[in-house]
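Owing to the predicted nature of the structure, the values given are computational and were not obtained by experimental measurement.
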Amino acid sequence: HYNQRDPMLKKRDDFEDVLEERRNSSDLRYALRCYTPVLYKGVPPCKSSMLKSMVLQSDQLHYVISQVSKETGRKTDEVQEEASAILDEMAHCQQLSTVRFFAFTLSKVFKSLFRSICVNEEGIQRLQQAIQEHPVVLLPSHRSYMDFLLMSYLLYTYDLTLPVIAAGMDFMGMKFVGEMLRMSGAFFIRRSFGGDKLYWAVFSEYVKTMLKNGFAPVEFFLEGTRSRTSKSLTPKLGLLNIAMDPFLKGEVFDVSVVPVSISYERILEETLYARELLGIPKPKESTSGLFKARKVLSEDYGSIHVYFGQPVSVRSLAEGRVNRRQFNLVPRHIPGKPGEDIHSFVNDSAYKLVRAQEENMVLKPWVLLASLLLQNQAAGPKEGLPLDELTAQAVWLRDLSRQYGAFLHWPDQMTPSEVVSSSLSLHRGLVRICEGKVQLAVEQGLAATPEEKLLNQAVIVLSCASYRNQALHVFLRPALLASAIHTASSTQKQEVFNSFSFLRNMFSNEFILCPGATVQDFEEASYLLVKTGAVQVSQQEVVVTEGGHRTLAFLIAMLDPFLQGYQVVCRFLCEEATETLTEKQFIPAVRKFIIKHLLAGGLRYAEVLSSDLQKNSLAAFLRLGAVQKIKGYVGFDHLECLVGPPSRAQNTTL
């Protein structure tokens with residue numbers, strides 16, 4: 001994976017399969033073994049009662065309690081009791097016996113579900129070092145409910161301090177399981193707490209007390225929720241703000257932030273996610289639901305790769321960016337809203353950390369196959385791709401993605417046709433092979449109407465798209481440039497850049513595109529397309545080479561479903577939304593509009609039915625000022641729509 005002369009290709013660690021040892025030795029012995037993790041600066045483990053006491057006695061909480069008491073006219077003791085009740089509802093209560101139970105149970109479950117769980121042991125060693133030196137924040141990617149169980153399992157396996165994990169309140173509603181999670185390190189937070197000053201103060205003080213004292217690594221999902229599409233989500237800044245606060249206020253010398261990339265060869269929730277995106281509500285978290293889900297244990301979910309990234313020093317991120325002297329002017333215990341410079345710093349850091357997660361995501365061959373099969377299906381009604389043609393295309397795409405710096409796990413000891421057959425076999429629920437031709441499957445089920453048939457097909461398409469999306473970060477910037485070349489009015493570099501800049505701005509709610517990095521992204525995209533011989537770039541021009549058309553066609557087709565999704569939402573707003581809509585009405589109304597046009601053959605991509613794509617496009621139109629919010633309603637002034645594929649840059653302006 002490493003080429004010293006090429007800055008786009010990075011060195012990455014090797015992997016070890018942790019299940020190999022589990023298959024060859026006693027799970028009970030593993031669960032009951034001596035567990036003696038090294039803690040931050042050798043501090044003794046902290047009991048939950050002591051942690052609660054430290055939080056309730058903190059100056060910041062006392063200050064907020066007195067403020068709330070003055071504002072509401074309630075007695076201080078009453079507000080103090082409420083703070084204590086919030087803390088009881090929230091706090092973790094780690095017990096080694098519960099951790100051992102999970103270690104034993106998860107060993108059995110993981111061996112049944114997965115062929116291997118591969119971990120970069122060098123990353124584990126770096127994490128071990130970081131835990132001893134500074135307070136640590138773990139930031140795993142979030143694609144499955146399995147993520148936080150897997151993280152704790154791995155840290156227990158490697159004798160590292162178990163993390164304290166931010167979990168949503170939904171899990172607390174699961175009888176028995178909720179308390180088990182609490183006893184294995186989960187603390188529970190409300191999904192939103194708006195302007196509740198007291199809740200925010202208890203929550204932030206709880207997290208900061210753990211961090212400042214180094215009692216345990218704090219783990220949370222920077223994206224805030226599971227990604228239903230396997231694309232990285234725009235980072236949420238609340239918890240990251242809290243985690244960085246002790247450093248910014250000089251209470252600790254540094255905080256180490258460790259991005260962790262978890263890559264699933266086959267996602268447990270794949271069709272569940274597709275149904276959610278089509279408006280079929282997700283089942284409520286419940287213990288009975290967990291036991292009903294036991295049938296998945298008989299399925300094969302391939303392998304998992306977990307990559308612990310380089311620890312990122314908050315001190316080094318802040319160097320030259322943040323003047324910490326501003327915090328000396330106000331006592332530390334008085335909470336204040338972070339200034340614009342702090343907000344900008346935390347936001348930029350969050351994007352860098354999500355990018356670090358993306359870059360260490362391991363791509364499996366199926367990701368490439370799903371991309372090719374989706375493009376083939378969208379090209380028109382065909383009988384599928386001949387297996388040998390699909391294999392040849394996959395090898396071409398394998399080589400291209402490697403040149404673009406993808407972290408691709410392609411088993412080189414197998415022939416390409418064996419790799420393709422193995423991948424198709426693992427994902428046989430999504431594809432069918434008939435007379436040597438491969439195409440996407442049609443979901444089984446009674447489809448009485450054309451609409452039901454369409455939605456059944458959309459479940460398969462969206463499931464496949466979630467795998468293709470895993471590779472988007474590799475191809476995104478070159479794809480934006482390829483689309484910009486396609487839509488620009490000339491080959492002039494400035495024209496192409498303007499078109500690139502417009503598309504990048506349009507899609508900044510859709511993909512992880514770091515704020516203020518347009519020029520850098522354009523240069524990276526140009527570098528990659530030149531390196532692979534697809535374009536030639538001079539001072540004035542960007543010209544497609546004779547051999548570059550295949551690469552550009554593939555890249556344009558990667559982005560095309562998203563373009564069509566934004567175009568159709570734009571069209572809906574122009575043609576149908578003549579009156580204001582509530583945000584709640586928007587998704588069902590646009591879905592109805594899209595179904596009508598898909599059935600009439602006016603749209604190529606069933607993917608545009610994704611509610612995620614529709615919400616992101618609305619967010620983009622709001623941000624660009626094409627649509628406006630009026631007291632909970634969505635209205636718009638005037639839209640010059642992107643109807644039909646834009647062929648000129650001036651047609652792609654709102």
Side-chain contact test, heavy atoms from C-beta onward, threshold under 4.5 Å: evaluate it for Lys231 versus Glu510 and give yes or no.
yes
Scan side-chain atoms only and decide if Tyr404 and Asp399 contain a donor-acceptor pair under the 3.5 Å cut-off.
no
Taking everything shown except Glu133 itself, do over 12 heavy atoms lie less than 6.0 Å from its CD?
yes
Using 30° and 60° as the class boundaries, would you call the ring planes of Phe511 and Phe562 parallel, tilted or perpendicular?
perpendicular
Determine whether the aromatic ring centres of Phe475 and Phe554 lie less than 6.0 Å apart.
yes
Set out, in order, the CA-CA distance, both residues' side-chain angles and the distance that settles ring pair (Phe, Tyr, Trp, His ring centres under 6.0 Å) for Tyr40 and His134, then state yes or no.
CA-CA 7 Å; Tyr40 169 61; His134 302 292; 7.5 Å; no
Taking only Lys NZ, Arg NE, NH1 and NH2, and the carboxylate oxygens of Asp or Glu, determine whether Lys437 and Glu389 approach each other closer than 4.0 Å.
no
Does the side chain of Arg143 come under 3.5 Å of the side chain of Ser232 through a donor N or O and an acceptor N or O?
yes
Applying ring pair (Phe, Tyr, Trp, His ring centres under 6.0 Å), run through His92 and Phe187 and close with a yes or a no.
CA-CA 5 Å; His92 77 290; Phe187 67 96; 7.2 Å; no
Please tell me whether Ser401 and Arg398 have a donor and an acceptor in their side chains that are separated by less than 3.5 angstrom.
no
How many angstroms lie between atom CG of Asp14 and atom SG of Cys118, to the nearest 0.5 angstrom?
11.0 Å
Test item: Ile512 and Glu358 side chains (from C-beta on) under 4.5 Å apart, heavy atoms:
yes
Check for me whether Arg12 meets the cation-pi criterion with Tyr307, that is, NZ or CZ under 6.0 Å from the six-membered ring centre and within 45 degrees of the ring axis.
no
State the OG-CD distance between Ser230 and Gln470, to the nearest 0.5 angstrom.
4.5 Å
Determine, step by step, whether Asp13 and Arg126 satisfy the salt bridge (charged side-chain N to carboxylate O under 4.0 Å, His left out) criterion, reporting the C-alpha distance in whole Å, the side-chain angles of both residues, the deciding distance to 0.1 Å, and the verdict.
CA-CA 12 Å; Asp13 304 337; Arg126 291 192 294 263; 2.9 Å; yes
Is there side-chain contact between Leu480 and Leu559, with heavy atoms separated by less than 4.5 Å?
yes
Does Glu20, at its CD atom, have more than 12 non-hydrogen atoms belonging to other residues, nucleotides or ligands within less than 6.0 Å?
no
Is it true that Tyr605 and Asp560 share a donor-acceptor pair across their side chains at a distance under 3.5 Å?
yes
Please walk me through it: do Asn120 and Ile124 pass side-chain contact (heavy atoms from CB on, under 4.5 Å)?
CA-CA 7 Å; Asn120 63 322; Ile124 291 285; 5.6 Å; no
Quick one: CG on Leu390 to CG on Leu385, what's the gap to the nearest 0.5 Å?
5.5 Å
First locate atom CG of Leu373, then atom SG of Cys464, and finally report the distance between them rounded to the nearest 0.5 Å.
7.0 Å
Sidechain N-carboxylate O distance under 4.0 Å for Arg402, Asp412
yes
So, applying salt bridge (Lys or Arg N to Asp or Glu O under 4.0 Å) with Asp300, which one of Arg115, Arg428, Arg266, Lys111 is it?
Arg115
Out of curiosity, Gln128 CD to Ile131 CD1, how far, rounded to the nearest 0.5 Å?
7.5 Å
Do the non-hydrogen side-chain atoms of Tyr264 and Leu150 ever get within less than 4.5 Å of each other?
yes
Indicate the atoms forming the closest heavy-atom contact of Gly302 with Glu265, along with that distance.
CA-OE1, 3.5 Å
At what distance, to the nearest 0.5 angstrom, does CZ of Arg504 lie from OG of Ser483?
14.5 Å
Between Ser423 and Lys364, is a side-chain contact (heavy atoms from CB on, under 4.5 Å) present by the stated rule, with each step listed?
CA-CA 9 Å; Ser423 292; Lys364 310 293 183 342; over 6 Å; no
Shortest non-hydrogen contact from Asp27 to Ser107?
OD1-CB, 3.6 Å
For Tyr153, the option from Phe110, Phe104, Tyr158, Phe114 that meets ring pair (Phe, Tyr, Trp, His ring centres under 6.0 Å):
Phe110
Tested for side-chain contact (heavy atoms from CB on, under 4.5 Å) against Phe220, the lone hit among Leu138, Ile165, Leu240 is Leu240
Here the pair of heavy atoms bringing Ile485 nearest to Val535 is CD1-CG1, 3.9 Å
Do Tyr467 and Glu270 have side-chain atoms, one donor and one acceptor, less than 3.5 Å apart?
yes
Closest heavy-atom contact between Tyr566 and Leu613?
CE1-CD1, 3.7 Å
Is Glu276 salt-bridged to Arg228, cutoff N-O under 4.0 Å?
yes
Given Arg468 and Glu607, is the salt bridge (charged side-chain N to carboxylate O under 4.0 Å, His left out) satisfied, shown in steps?
CA-CA 12 Å; Arg468 182 223 39 220; Glu607 271 184 70; 2.8 Å; yes
Is there a side-chain contact between Leu609 and Leu277, using heavy atoms and a 4.5 Å cut-off?
no
Please check this pair: side chain of Glu219 against backbone of Pro163, looking for a donor-acceptor N/O pair closer than 3.5 Å.
no
Salt bridge (charged side-chain N to carboxylate O under 4.0 Å, His left out) evaluation trace for Glu269 with Arg226
CA-CA 11 Å; Glu269 303 99 325; Arg226 285 176 300 157; 3.4 Å; yes
Measuring only between side-chain heavy atoms, which start at C-beta, is Leu552 closer than 4.5 Å to Leu529?
yes
Would you indicate whether the side-chain heavy atoms of Val260 and Met151 approach each other to under 4.5 Å?
yes
So, Gln357 and Ser141: side-chain donor and acceptor under 3.5 Å apart, yes or no?
no
Under 4.5 Å between any side-chain heavy atoms of Leu181 and Leu149, yes or no?
yes
